[in-house]
Amino acid sequence: MTQIELGKKIKEARLAKKMTQSEVVGTFITRNMLSQIESGAASPSIKTLEYIARALDIPLNQLMTADDDPPVSSVVSGDTESTYLSAKQKYHTQDYIAVIHSLEPTLTEDNSLYDETAALLAITYYKQAQKEFKEHLFSQGIAYAKRSAALATKGMFSSSELKTKALLLLDELLGYQLGNMENHE
């Protein structure tokens, strides 16, 4: 979908809801920016698109797909945005392994969504480490907790809180793994 098509979709959705540009933007973006997006002169970030979709009370994938395209969740391509959005949907269904497998290969500095990808992977690794801990799969949990801590400080969405949580979980996992090793000796 081109910028112009996306802008047209946003404008049509706004007009269908009988909303003004000012009502849509709130304090998140300026009315001028929304006007540029609607005219195709500016390309919104994923965060901005998510905000606009929430403001218009429509699913994000309604903005991201052309009318004759398959839903974003079924798009299989190298397209960074659709890969990210698909992974985000998998995260919400708690399919953490699928998120990891789809996003890990895209975590490169030239990825236009590097910051978002690093943040989503960091929290996903943490959630998977928690699952592994509950299932007493300590060595796998340790690997996920380490990766979470490493990614938590990457990009503009870095989170020292998540890094701390991942390190505390890592410490707990290591303690249980050592305890299990001592019990088997």
Side-chain angles (χ1 to χ4, degrees), residues 26-28 44-55 57-65 70-185:
T27 58
F28 188 78
S45 68
I46 295 295
K47 284 262 187 228
T48 300
L49 275 178
E50 289 173 336
Y51 175 83
I52 292 170
R54 275 194 310 274
D57 194 30
I58 59 174
L60 179 61
N61 69 346
Q62 184 176 327
L63 294 177
M64 298 298 296
T65 58
V72 170
S73 61
S74 67
V75 173
V76 179
S77 73
D79 180 50
T80 304
E81 288 178 13
S82 58
T83 300
Y84 175 79
L85 291 172
S86 176
K88 194 170 177 184
Q89 289 173 342
K90 291 173 188 167
Y91 174 84
H92 289 297
T93 63
Q94 299 179 358
D95 190 354
Y96 303 131
I97 297 296
V99 174
I100 292 166
H101 287 300
S102 62
L103 286 185
E104 189 65 40
T106 70
L107 191 63
T108 60
E109 294 290 334
D110 63 334
N111 176 345
S112 62
L113 295 173
Y114 176 83
D115 295 337
E116 292 87 345
T117 301
L120 183 54
L121 273 170
I123 190 67
T124 301
Y125 277 120
Y126 177 75
K127 296 286 189 177
Q128 187 61 36
Q130 288 180 313
K131 281 177 83 171
E132 302 292 334
F133 179 69
K134 289 177 186 171
E135 295 172 12
H136 300 283
L137 301 170
F138 303 121
S139 60
Q140 291 170 334
I142 289 167
Y144 289 126
K146 283 181 181 177
R147 192 72 176 127
S148 175
L151 284 175
T153 58
K154 302 287 185 193
M156 70 185 308
F157 302 113
S158 66
S159 169
S160 57
E161 180 183 351
L162 178 58
K163 181 178 182 177
T164 301
K165 285 180 171 182
L167 291 173
L168 289 171
L169 180 57
L170 176 61
D171 186 53
E172 198 169 0
L173 284 159
L174 287 168
Y176 275 96
Q177 185 180 42
L178 281 173
N180 277 350
M181 291 170 75
E182 289 171 358
N183 290 339
H184 290 297
E185 290 178 2

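Note: hydrogens, waters and symmetry copies are ignored here, and every other heavy atom, side chains too, is used. Values in this document were obtained by computation on a predicted structure and should not be read as measured data.
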Scan side-chain atoms only and decide if Thr108 and Asp110 contain a donor-acceptor pair under the 3.5 Å cut-off.
yes
Are Lys131 and Tyr144 in a cation-pi setup, meaning NZ or CZ lies under 6.0 angstrom from the ring centre and within 45 degrees of the ring axis?
no
By side-chain hydrogen bond (donor to acceptor under 3.5 Å, both in side chains) - contacts of Asp57 (at least two apart)
none
First locate atom CG of Leu103, then atom CG of Asn111, and finally report the distance between them rounded to the nearest 0.5 Å.
8.5 Å
Could you check whether any side-chain heavy atom of Glu104 comes within less than 4.5 Å of a side-chain heavy atom of Arg147, counting everything from C-beta outward?
yes
Under 3.5 Å, is there a donor on one side chain and an acceptor on the other for Tyr96 and Glu132?
no
Would the distance check show the side chain of Ser148 and the main-chain N or O of Ile123 forming a donor-acceptor pair, the cut-off being under 3.5 Å?
no
Taking only residues two or more places apart in sequence or in another chain, which ones pass salt bridge (charged side-chain N to carboxylate O under 4.0 Å, His left out) with Lys154?
none
Check the pair Leu173 / Leu169 against side-chain contact (heavy atoms from CB on, under 4.5 Å), numbers first and verdict last.
CA-CA 6 Å; Leu173 284 159; Leu169 180 57; 3.9 Å; yes
Where Gly155 and Asp115 come nearest, the two heavy atoms and their spacing:
CA-OD1, 3.1 Å
Do Asp171 and Leu168 touch side chain to side chain, with heavy atoms closer than 4.5 Å?
no
Once rounded to the nearest 0.5 Å, what's the spacing between atom CG of Leu167 and atom CG of Leu162?
9.5 Å
With side-chain contact (heavy atoms from CB on, under 4.5 Å) as the criterion, how do Phe157 and Lys47 come out once you've worked through the C-alpha distance, each side chain's angles and the decisive distance to 0.1 Å?
CA-CA 12 Å; Phe157 302 113; Lys47 284 262 187 228; 3.7 Å; yes
Is it the case that over 12 heavy atoms from other parts of the model lie below 6.0 angstrom from the CD atom of Glu135?
yes
Distance check, rounded to the nearest 0.5 Å: His136 atom NE2 versus Lys134 atom NZ?
11.5 Å
Any residue meeting side-chain hydrogen bond (donor to acceptor under 3.5 Å, both in side chains) with Tyr126, in chain and number order, not counting sequence neighbours
Gln130
Once you round to the nearest 0.5 Å, how far does OG1 of Thr124 lie from CD of Gln128?
9.0 Å
